[in-house]
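Sequential numbering from 1 along the given sequence is applied to the chain's residues.
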Amino acid sequence: MRAVRSNEVFNPGAFPKHTYVIRKSLDTRFTYEYRLEQALHTVGFLTSIIGPSKTGKTVLVEKVVGIDKRVLFSGSDFKSANDFWEVVAKKVGLSMEGDLINTNATQGTGVADNIETRSTTTKQKFFTGKDKVIEYFKQNNKVLVLDDFHYAPEEIQYDIAYQLKDAIRLELKAIVISLPHRTDDAIRKNPDLSGRLNLISIEPWKIEELREIATTGFDKLGIKISDDIVTNLAQESLTSPQLMQSICFNLSFYLNIDEKEEIDSITDKSVLKDAYNLITLNLPYSEVVKKLEAGPNPRGQKRKTYTLTTGENIDIYSLLIKAIAEDPPITSISLDEIKRRTDLLIGSNDKPDRNRVRNTIEQAFSIIKASDAFYQVFEWKDNQIYILEPLFLFYLRWGTHI
């Protein structure tokens, strides 16, 4: 039995205490941890953290703030512009109502001409509002963390920004976390918050940073892993440390290294495909793929099909999905790159032109944009596809649908 087990070393869904990687922000000598510490010590400022999905934004906050000191919310927790402080108060167990006791004393004549004091007591309800909540956060050294801010409706985002503007002046510590390429006008482009923001932009992870997770983790398990396998794991992680943690754990589980002490190295790349496929079995993206492949209502017209080099006949929407999943695995794909990939997949003269490819992407984006948040796995902006969920792209590449 190994001294430490693989699910203790590789934690895709929890704080990775054995494989946490400290990174420096782009073009500076300061780490993200140092910058967040500095931000939280700046009184009267709101901290805005943006970065791609699954890149460790929340883990960074856990590292610096501590799980016991952060009070975590999601943008989807707020349904109305009037319930911000009520939602926050409920989360920390505070009542927004209380009893205000007014006591009025009156004098009268008692026995033997003594002065007798009588008192009347009245009670009235009062609404304590945000002051009580802010005071609780300050006294208990808590930090309000608003994750997935982009999930709040746009009009509510502006109301929350207004509420936070006043609260940070009263020394509330608050962090707002969101994705890039989503509208951040309510926070970063809000004139009311100008000069009161600490801005931290989390860059996508580099291959060498992702490699550190695998090398550190497998070394902790007493296993040597070849450089080419580590690089492959890092490439398939799609700039996501969370996905890298998941891949490393599932590879360990697939090889049963916790129970087989004789395994002291991993050098055979042939095991990777099955390990990757094992991960996709638990990813819930089959319905997303079906929705995208269905495309818009054809209104009784039969769609044109294209013959792939494999002999398979598919329509333009299935062709788009295959193109997104092609090598190299990247989370930001230009229109020209998608066109190049579709041409390679077809390999014949009968290829969709650039406008046809663009229109297909726009239609697919309209479909997911009008769907629930779960379906919004990519964004189309300035002739560029931005994959918002690395796990979705991983599913496209390794899922059982392929």
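- The closest donor-acceptor contact from the side chain of Asn232 to the backbone of Asp228 lies at 3.5 Å or more, if one exists at all.
- A distance-only check finds a donor-acceptor pair linking the side chain of Trp205 to the backbone of Thr55 [under 3.5 Å].
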Subject >> Check against salt bridge (Lys or Arg N to Asp or Glu O under 4.0 Å), Arg354 and Asp336 >> reply: CA-CA 8 Å; Arg354 192 171 185 271; Asp336 290 336; 2.8 Å; yes

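- For Trp380 and Phe365, the ring centers sit 6.0 Å or farther from each other.
- Checked by atom type and distance alone, the side chain of Lys220 never pairs as donor or acceptor with a backbone atom of Thr215 at under 3.5 Å.
- The shortest non-hydrogen separation linking Ala364 to Tyr317 is N-CE2, 4.4 Å.
- In Glu208, the CD atom is crowded: over 12 heavy atoms of neighbouring residues, nucleotides or ligands sit closer than 6.0 Å.
- Asn250 is not listed as a side-chain neighbour of Phe10, based on a closest heavy-atom distance of 4.5 Å or more.
- At least one donor-acceptor pair closer than 3.5 Å links the side chain of Lys69 to the backbone N or O of Asn140.
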Original post:
So Thr309 and Ile346, side chain to side chain contact (heavy atoms under 4.5 Å, CB included) or not? Walk me through it.
Top reply: CA-CA 5 Å; Thr309 56; Ile346 295 172; over 6 Å; no

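- Ion pairing of Glu209 with Arg23 is present here, as a side-chain N (NZ or NE/NH1/NH2) and a carboxylate O approach within less than 4.0 Å.
- One finds a salt bridge joining Glu337 and Arg340 here, because a Lys/Arg side-chain nitrogen approaches an Asp/Glu carboxylate oxygen to under 4.0 Å.
- Summarising the geometry of Ala214 relative to Met244, their closest heavy-atom pair is CB-CE, 3.6 Å, with the distance given to 0.1 Å.
- Nearest heavy atom pair, residue Ile223 against residue Ile263, reads CG1-O, 3.8 Å.
- Put simply, the side chain of Val143 reaches to within 4.5 Å of the side chain of Val145, judged on heavy atoms.
- Asn313 places none of its side-chain heavy atoms less than 4.5 Å from the side chain of Tyr306.
- In this structure, the ring of Tyr285 has its center less than 6.0 angstrom from the ring center of Phe374.
- Of the charged side-chain nitrogens involved, at least one lies within less than 4.0 Å of a carboxylate oxygen, so that Arg5 and Glu259 count as a salt-bridged pair.
- In this structure, the side chains of Lys304 and Asp315 stay at 4.5 Å or more apart for every pair of heavy atoms.
- With Lys91 as the partner, the side chain to side chain contact (heavy atoms under 4.5 Å, CB included) test is satisfied by one option alone out of Val71, Val133, Leu144: Val71.
- Panel note: side chain Arg188, backbone Ser48; a donor-acceptor pair is recorded below 3.5 Å.
- No option in Thr19, Thr216, Ile213 other than Thr19 meets the side chain to side chain contact (heavy atoms under 4.5 Å, CB included) test with Val9.
- Tyr20 and Glu33 share a side-chain donor-acceptor pair at under 3.5 Å.
- A distance-only check finds no donor-acceptor pair linking the side chain of Asn11 to the backbone of Gly13 [under 3.5 Å].
- Aromatic ring centres of Phe378 and Tyr386 lie farther apart than the 6.0 Å criterion allows.
- Considering all non-hydrogen atoms of both residues, His150 and Ser178 come closest at ND1-OG, 3.2 Å.
- Counting only distance, with no hydrogens or angles, the side chain of Arg35 and the backbone of Leu199 share a donor-acceptor pair below 3.5 Å.
- When all heavy atoms of Lys142 and Tyr136 are compared, the pair lying nearest together is CE-OH, 4.1 Å.
- Leu278 has its side chain within reach of Phe253: a pair of non-hydrogen atoms, C-beta onward, lies under 4.5 Å apart.
- Looking only at distances, no side-chain donor or acceptor of Thr28 sits under 3.5 Å from a matching main-chain atom of Lys24.
- Checked by atom type and distance alone, the side chain of Ser246 never pairs as donor or acceptor with a backbone atom of Gln242 at under 3.5 Å.
- Ring geometry, Phe30 versus Tyr34: the interplanar angle falls under 30°, so the pair is classed parallel (tilted spans 30 to 60°).
- For Arg211 and Asp227, the salt-bridge test passes: some basic side-chain N is under 4.0 Å from an acidic carboxylate O.
- Asp166 has a carboxylate O that lies under 4.0 Å from a charged side-chain N of Arg169, or vice versa, which qualifies the two as a salt bridge.
- Aromatic ring centroids of Phe249 and Tyr254 lie 6.0 Å or more apart.
- No side-chain donor-acceptor contact under 3.5 Å links Lys173 to the backbone of Phe45.
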